[in-house]
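In what follows, a structure is listed as structure tokens, so that the remarks can point back to it.
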Amino acid sequence: MTSSDHQTAAQLAREAGELLLQVRARDFADATERKAAGDAETHRFLLDRLAALRPDDAVLSEEGADDPIRLVSDRVWIVDPLDGTREFSELDRTDWAVHVALWERGELTAGAVALPAEGTTLSTVDVAETPSRSDGPMRLAVSRSRPPALVTDLAGRLGAELVALGSAGVKAMSVVRGDTDAYVHGGGQYEWDSAAPVAVARAAGLHASRLDGSPLRYNRPNPYLPDLLICRPELADRLLTALQATAS
């Protein structure tokens, strides 16, 4: 990895987000057409830009066919061109994102999460350390449309508050920015859902693991990566213990 990989991740996430804002401003017959255009156009944009900037690297994208060359590649870009299509299609919502991450020889080494409707990109270039936690109950980021029973049960066990947000990247970045204390997901995800958020979260000094505390592994033959914990490091042991009790 070079320092420019961090810059490339941030630049591509930001530019893809700008493209999505342009797509979003067009007239479409319905939300389905808007979502399809957003997914397709940013996918093509990211693949074209990576082919020009990093022609020797492989790519794993939510919207593309899985190329097995990635499994024998030293460097793989893992991208989600539009994280939160439901929120993207609702013109008054800002909680959707673009994910761009670089996996290199077994580890995530660079990443960026753009929040285009906020005009913000958080990346491994210069992400700030997460602010100190304020007093009060623990705050858990949860899906606004599909809150899993696991997190509801966990909140009850911990006396925590649930903060409903849209896309996975937005929920993860809420922990990075100090708006929540943890993002717990157990409802099924893929590598592109978490790779960039995890890279940014770790750069900010946060804990990131599977729900049982085991490491997150990327660029696997099957990209299904169903569960995730991103949290303040001082809360990791408490959350993992509570998760184990909740699951038993």
Side-chain angles (χ1 to χ4, degrees), residues 4-26 31 34-54 57-64 76-91 93-103 108-127 141 143-144 165-177 183 185 189-204 208 218 223 225 228 230:
S4 63
D5 288 327
H6 298 283
Q7 299 285 352
T8 295
Q11 174 188 344
L12 293 184
R14 183 176 61 254
E15 291 177 352
E18 291 168 355
L19 173 58
L20 282 168
L21 290 174
Q22 295 173 19
V23 173
R24 201 185 200 204
R26 296 183 206 150
R34 179 173 287 107
K35 290 187 282 189
D39 277 331
E41 293 189 33
T42 47
H43 168 71
R44 287 196 298 270
F45 169 82
L46 288 171
L47 260 62
D48 288 347
R49 294 290 286 140
L50 285 167
L53 295 170
R54 298 291 188 273
D57 295 352
V59 180
L60 172 63
S61 170
E62 178 180 16
E63 300 305 321
V76 181
W77 293 87
I78 303 175
V79 302
D80 189 345
L82 173 51
D83 175 54
T85 53
R86 180 196 297 262
E87 289 75 22
F88 173 77
S89 70
E90 298 176 18
L91 300 182
R93 299 202 66 89
T94 62
D95 47 349
W96 50 278
V98 178
H99 299 176
V100 178
L102 174 63
W103 173 95
L108 296 173
T109 54
V113 176
L115 308 175
E118 296 185 25
T120 298
T121 299
L122 294 90
S123 76
T124 51
V125 174
D126 54 4
V127 65
S143 171
R144 71 180 183 99
L165 294 167
S167 78
V170 168
K171 289 192 280 287
M173 293 306 98
S174 75
V175 188
V176 171
R177 299 197 285 187
Y183 170 36
H185 183 85
Q189 285 185 341
Y190 289 84
E191 292 185 11
W192 46 76
D193 293 306
S194 67
V198 165
V200 175
R202 286 175 172 166
Y218 293 90
L225 187 54
L228 171 70
I230 293 176

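Keep in mind that what you see is a predicted model, and the values were worked out from it rather than measured.
- Annotation: salt bridge (Lys or Arg N to Asp or Glu O under 4.0 Å) contacts of Asp57 (sequence neighbours excluded): Arg75.
- The backbone N or O of Ala110 sits nowhere less than 3.5 Å from a side-chain atom of Asp5 that would complete a donor-acceptor pair.
- Closest non-hydrogen pair, Ile78 versus Ala195, comes out as CG2-CB, 3.9 Å.
- One N or O on the side chain of His99 and one on the backbone of Trp192 form a donor-acceptor pair closer than 3.5 Å.
- Atom NZ in Lys171 sits 7.5 Å away from atom CG in Asp83 (nearest 0.5 Å).
- Under the 4.5 Å side-chain criterion, counting only non-hydrogen atoms from C-beta, Arg34 is in contact with Leu91.
- Between the side chain of Thr124 and the backbone N or O of Gly111, at least one donor-acceptor pair lies under 3.5 Å.
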Note to self: Please determine whether side chain to side chain contact (heavy atoms under 4.5 Å, CB included) holds for the pair Leu60 and Trp103, giving the CA-CA distance in whole Å, both sets of side-chain angles, and the decisive distance to 0.1 Å.
What the structure shows: CA-CA 10 Å; Leu60 172 63; Trp103 173 95; over 6 Å; no
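- By the neighbour-count criterion of 12 heavy atoms within 6.0 Å, atom CZ of Phe45 is densely surrounded, having more than that number from other residues, nucleotides or ligands.
- Between Leu225 and Tyr218 there is a side-chain heavy-atom pair separated by less than 4.5 Å.
- Inter-residue side-chain proximity for Trp77 and Thr8 is flagged as met; some heavy-atom pair is nearer than 4.5 Å.
- The minimum heavy-atom distance between Ala13 and Ala114, with the atom names listed, is O-CB, 3.3 Å.
- Side-chain contact between Leu115 and Thr94 is absent, with no heavy-atom pair separated by less than 4.5 Å.
- We find the NE2-OG distance between His185 and Ser143 to be 8.5 Å, quoted to the nearest 0.5 Å.
- Contact detail for Ala141 and Tyr183: the closest heavy-atom pair is O-CD1, 3.8 Å.
- Atom CD in Glu41 sits 4.0 Å away from atom CZ in Arg26 (nearest 0.5 Å).
- Using modelled atom types, one finds no donor on one side chain facing an acceptor on the other under 3.5 Å when comparing Arg93 with Ser167.
- Proximity of Asp39 to Phe88: side-chain heavy atoms (C-beta onward) are nowhere separated by under 4.5 Å.
- Note that OG1 of Thr121 and CE of Met173 are 11.0 Å apart. Values are rounded to the nearest 0.5 Å.
- Residues Thr42 and Val23 form no side-chain contact, since every pair of their non-hydrogen atoms from C-beta on lies 4.5 Å or further apart.
- A side-chain donor-acceptor contact under 3.5 Å links Arg24 to the backbone of Glu90.
- Annotation: the span from Glu62 atom CD to Glu191 atom CD amounts to 12.5 Å, rounded to 0.5 Å.
- The minimum heavy-atom distance linking Ala16 with Leu46 is given by the pair CB-CD2, 4.1 Å.
- Side-chain contact between Val198 and Leu228: present, with at least one pair of heavy atoms (C-beta onward) separated by less than 4.5 Å.
- Rounding to the nearest 0.5 Å places CZ of Arg49 at 10.0 Å from CZ of Arg54.
- At a threshold of 4.5 Å between non-hydrogen side-chain atoms, the residues Leu122 and Val176 count as touching.
- Annotation for Ala201 and Ile230: closest pair CB-CG2, 3.8 Å, computed over non-hydrogen atoms.
- Annotation for Ala112 and Ala196: closest pair O-CB, 3.4 Å, computed over non-hydrogen atoms.
- Applying the side-chain hydrogen bond (donor to acceptor under 3.5 Å, both in side chains) definition to pairs two or more places apart or across chains, those involving residues 11-21 are Gln11-Glu15.
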